[in-house]
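What follows is a single structure, written as structure tokens, with notes after it.
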Amino acid sequence: MDPVAYFFTLQIENFTQALLQKGPLISSGEEGRETVKLIEGMYRSQREGKPVRY
């Protein structure tokens, strides 16, 4: 199985179990937000041709 597909499958299964059984999540919303911020910064840096600092 493709590692990316496997990872997303695990996340979806974990999210579903957390909702049904009120269990813990593999990753928090804060971690997801930081990941998106990092990726957006990489795109912005390439587009503007300079480092992006947060």
Side-chain angles (χ1 to χ4, degrees):
M1 176 184 260
D2 172 36
V4 174
Y6 178 71
F7 177 71
F8 285 122
T9 300
L10 287 178
Q11 282 188 310
I12 292 167
E13 288 173 355
N14 173 249
F15 182 73
T16 303
Q17 289 302 313
L19 288 176
L20 295 174
Q21 299 174 3
K22 298 186 181 183
L25 292 171
I26 291 173
S27 61
S28 69
E30 290 82 14
E31 290 171 331
R33 183 179 28 216
E34 288 301 311
T35 301
V36 170
K37 189 167 121 178
L38 175 67
I39 294 169
E40 192 277 332
M42 288 188 284
Y43 280 113
R44 190 170 136 209
S45 174
Q46 191 279 327
R47 190 174 52 244
E48 296 176 2
K50 61 182 180 181
V52 174
R53 307 226 190 279
Y54 291 103

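Computation of the quantities below employed the complete heavy-atom set of this structure, encompassing side-chain atoms and omitting hydrogens, waters and symmetry-equivalent molecules.
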Output all residues satisfying side-chain contact (heavy atoms from CB on, under 4.5 Å) with [X], sequence neighbours left out; order by chain, then residue number.
X: Y6; result: M1, L10
X: I12; result: T16
X: E30; result: S28, R33

- Message: With a sphere of 6.0 Å drawn around CD of E48, does it hold more than 12 non-hydrogen atoms of other residues, nucleotides or ligands?
- Response: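 Count over threshold, so yes.
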Please give me the minimum heavy-atom distance between [X] and [Y], naming the atom from each residue.
X: Y54; Y: R44; value: OH-NH1, 4.1 Å
X: L25; Y: A18; value: CD2-CB, 3.5 Å
X: Q11; Y: S27; value: NE2-OG, 3.8 Å
X: P51; Y: S45; value: CA-OG, 3.9 Å

- Task: Could you grab the distance from atom CD1 of I26 to atom CD of E31, nearest 0.5 Å is fine?
- Result: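 These two atoms lie 10.5 Å from each other.
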- Message: Nearest 0.5 Å, please: how far is CZ in F8 from CG in D2?
- Response: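 Interatomic distance, D2 CG to F8 CZ, rounded to 0.5 Å: 9.5 Å.
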- Query: Is it true that V52 and I39 fall in one hydrophobic cluster, defined by side-chain heavy atoms closer than 4.5 Å?
  - Reply: no
- Message: Please check this pair: side chain of T9 against backbone of A5, looking for a donor-acceptor N/O pair closer than 3.5 Å.
- Response: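 Such a contact is found between T9 side chain and A5 backbone.
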